[in-house]
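Notes to accompany the following structure.
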Protein chains: 2
Amino acid sequence: MTASPSPAKVPTRERILYATAELFRRQGYSGTGLKQVVAEADAPFGSLYHHFPGGKQELGEEVIQMAGAFFQALVTAIYDEEQETAASVRTVFTRAAETLEATGYEDACPISTVALEVASTDERLRRATAVVFAQWTDALTERLGNREKALAVIAALEGAFVLCRASRNTEPMLAAGEMAARLVTET
Amino acid sequence: MTASPSPAKVPTRERILYATAELFRRQGYSGTGLKQVVAEADAPFGSLYHHFPGGKQELGEEVIQMAGAFFQALVTAIYDEEQETAASVRTVFTRAAETLEATGYEDACPISTVALEVASTDERLRRATAVVFAQWTDALTERLGNREKALAVIAALEGAFVLCRASRNTEPMLAAGEMAARLVTET
DNA sequence: GTCTATAGAAGGATAGAC
DNA sequence: GTCTATCCTTCTATAGAC
């Protein structure tokens with residue numbers, strides 16, 4: 001196996017999805033224009049409507065689903081590599097804090113931003129965000145054996161993202177992680 | 001004192017501020033157009049730029065400050081009417097859940113939505129949201145006597161708003177409130 | 001499937017009469 | 001301070017050549 005001199009070309013459709021996800025988490029749904037998307041994805045404008053005939057809404061829905069699955073896998077991997085649940089919860093929060101700091105507080109989960117924007121304005125996208133959160137909740141409930149705690153931990157994580165991005169400081173994420181870990185330890 | 005037949009006229013400037021706050025929490029910053037603002041405020045378009053020469057950014061900054069002060073007063077009032085801190089924390093979350101349900105999950109705090117949208121795109125507005133969160137944190141730290149807990153409680157509250165609005169269900173808010181109350185009770 | 005051009009509406013902002 | 005008209009840009013979306 002040699003390093004490929006000309007890397008396998010990423011399909012246009014995927015380039016558009018990744019570029020949109022990237023822009024959504026920095027600018028949100030309304031703040032991201034489709035012309036900006038195709039420029040970032042280095043794709044012609046017509047390709048967007050070829051691959052996503054439903055336009056911005058269909059593209060947004062797929063991005064929400066893709067990002068939701070991606071972050072679930074990320075978190076699940078951490079839960080699986082740690083032995084103890086309290087430790088794994090803490091690790092999720094500290095990793096999030098590290099990522100925020102390393103990326104200039106830009107590389108945050110795109111779901112929350114879009115979820116708040118569309119909750120009262122676009123029923124189809126609202127449902128898509130609801131499904132993602134429900135999947136996260138179910139996965140964590142299984143691991144913690146308690147649905148109420150799972151909901152609280154996810155809420156703390158998402159809320160901490162908001163506070164950290166606004167203040168450009170990881171303190172809220174670490175504080176929320178400490179609380180979440182303690183909560184999980186309790187009987 | 002008789003009921004006033006012709007109610008005291010609300011100044012144009014304030015009507016614009018209230019209308020903007022209302023639209024921000026439903027549609028966010030990018031999703032709200034200035035033409036829509038003046039239509040909702042029943043004000044002529046020129047008045048907006050007369051009262052807010054800095055345009056959308058200046059208007060947004062004032063709305064963030066106004067909404068921040070309003071919600072701080074709301075929460076502070078609850079903390080003052082209850083005797084015990086754990087009970088007051090729980091009351092804040094249950095009241096939030098009631099309000100969400102009563103308003104069709106629309107009447108949520110506008111700060112988070114705007115905060116996530118502008119965190120990486122508008123430094124002036126980002127700072128405005130950071131100041132609001134810092135004020136909330138300071139006020140709650142004073143009452144709980146612990147900054148780390150205060151941050152975690154606020155994160156849980158904001159994150160629960162996201163989950164509730166997405167799922168159109170108050171369960172996350174009640175679960176987060178339960179956890180926050182327990183956290184406050186701990187030594 | 002790729003790409004260009006453009007339609008038609010809405011965006012923020014400004015000028016200037018009143 | 002109030003209000004109308006308008007400028008220029010950007011938006012989503014479509015048509016149609018290649």
Side-chain angles (χ1 to χ4, degrees), chain A residues 6 8-24 26-64 113-114 117-118 120-126 128, chain B residues 6 8-64 110 113-114 117-118 120-126 128:
Chain A
S6 64
K9 196 196 169 202
V10 177
T12 302
R13 186 186 155 85
E14 290 182 27
R15 290 207 314 280
I16 292 175
L17 280 171
Y18 294 144
T20 307
E22 171 71 26
L23 290 170
F24 275 6
R26 287 192 51 236
Q27 312 175 329
Y29 182 77
S30 304
T32 298
L34 296 184
K35 292 189 177 175
Q36 201 181 357
V37 167
V38 295
E40 199 79 13
D42 198 28
F45 194 80
S47 290
L48 195 155
Y49 277 89
H50 172 73
H51 293 290
F52 305 93
K56 192 178 188 178
Q57 193 188 37
E58 181 180 340
L59 174 59
E61 190 175 26
E62 285 214 34
V63 167
I64 289 168
T113 312
V114 175
E117 287 182 276
V118 303
S120 301
T121 57
D122 190 312
E123 183 61 13
R124 183 172 159 191
L125 294 184
R126 195 222 101 217
Chain B
S6 64
K9 195 194 169 202
V10 178
T12 302
R13 186 187 155 86
E14 289 182 28
R15 289 207 315 278
I16 292 175
L17 280 171
Y18 293 144
T20 307
E22 171 71 25
L23 291 170
F24 274 7
R25 64 185 173 195
R26 289 194 47 238
Q27 312 176 329
Y29 182 76
S30 304
T32 298
L34 296 185
K35 292 182 181 178
Q36 199 181 0
V37 167
V38 295
E40 198 79 12
D42 199 29
F45 194 80
S47 290
L48 195 156
Y49 278 90
H50 171 74
H51 292 291
F52 305 94
K56 192 177 188 180
Q57 193 187 37
E58 182 181 340
L59 174 59
E61 189 175 26
E62 285 214 34
V63 167
I64 290 167
T113 313
V114 176
E117 287 183 276
V118 303
S120 300
T121 57
D122 189 312
E123 183 61 13
R124 183 173 159 190
L125 294 184
R126 195 222 100 219

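These values consider heavy atoms only, across backbone and side chains, with no hydrogens, waters or symmetry-generated copies. By convention in this document, chain letters (A, B, ...) are assigned in the order of the sequence lines, proteins followed by strands, and residues within each chain are numbered from 1.
- Residue contacts shown for B:T32 are limited to sugar-phosphate atoms, with no base heavy atom under 4.0 Å away.
- The interatomic distance linking B:L48 (CG) with D:dT4 (C1') rounds to 15 Å, in whole Å.
- Going from atom CG of B:L34 over to atom P of C:dA10 covers 15 Å, rounded to whole Å.
- Atom CZ of B:R13 sits about 9.5 Å away from atom NE2 of B:H50, to the nearest 0.5 Å.
- The shortest distance between the side-chain N/O atoms of A:K35 and the OP1/OP2 oxygens of D:dC11 is not below 4.0 Å.
- B:G46 comes within 4.0 angstrom of a base, heavy atoms only.
- Across the protein-nucleic acid pair, A:H51 atom NE2 and C:dG1 atom C1' stand 7 Å apart, rounded to whole Å.
- With rounding to whole Å, A:F45 atom CZ is found 19 Å from C:dG1 atom P.
- Between B:D122 atom CG and C:dG12 atom P there is a gap of 13 Å when expressed in whole angstrom units.
- Between A:S47 and the phosphate of C:dT2, there is a side-chain N or O to OP1/OP2 separation shorter than 4.0 Å.
- Of the candidate nucleotides D:dT12, D:dT4, C:dC3, D:dT4 has the atom lying nearest to any side-chain atom of B:P44.
- Rounded to whole Å, atom P of D:dG1 lies 12 Å from atom CZ of B:F52.
- Regarding contacts with the backbone of C:dA13, a side-chain N or O of B:Y49 is found under 4.0 angstrom from either OP1 or OP2.
- For the pair A:V118 and A:R126, the tightest heavy-atom approach, listed with the atom from each and the gap, is CG2-N, 3.8 Å.
- Going from atom CD of B:E117 over to atom CG of B:D122 covers 11.0 Å, rounded to the nearest 0.5 Å.
- B:I64 is not listed as a side-chain neighbour of B:Y29, based on a closest heavy-atom distance of 4.5 Å or more.
- When the nearest nucleotides of DNA chain C are assigned to B:G55 and A:A43 by heavy-atom distance, the more 5′-ward of the two goes with A:A43.
- For the pair A:H50 NE2 and D:dT12 P, the interatomic distance rounds to 20 Å; values are reported in whole Å.
- Remark: P of C:dG12 and CD of B:Q36 are 9 Å apart, rounded to the nearest angstrom.
- The shortest distance between the side-chain N/O atoms of B:T12 and the OP1/OP2 oxygens of D:dG1 is not below 4.0 Å.
- In this structure, the separation between OG on A:S120 and CZ on B:R25 is 10.0 Å, given to the nearest 0.5 Å.
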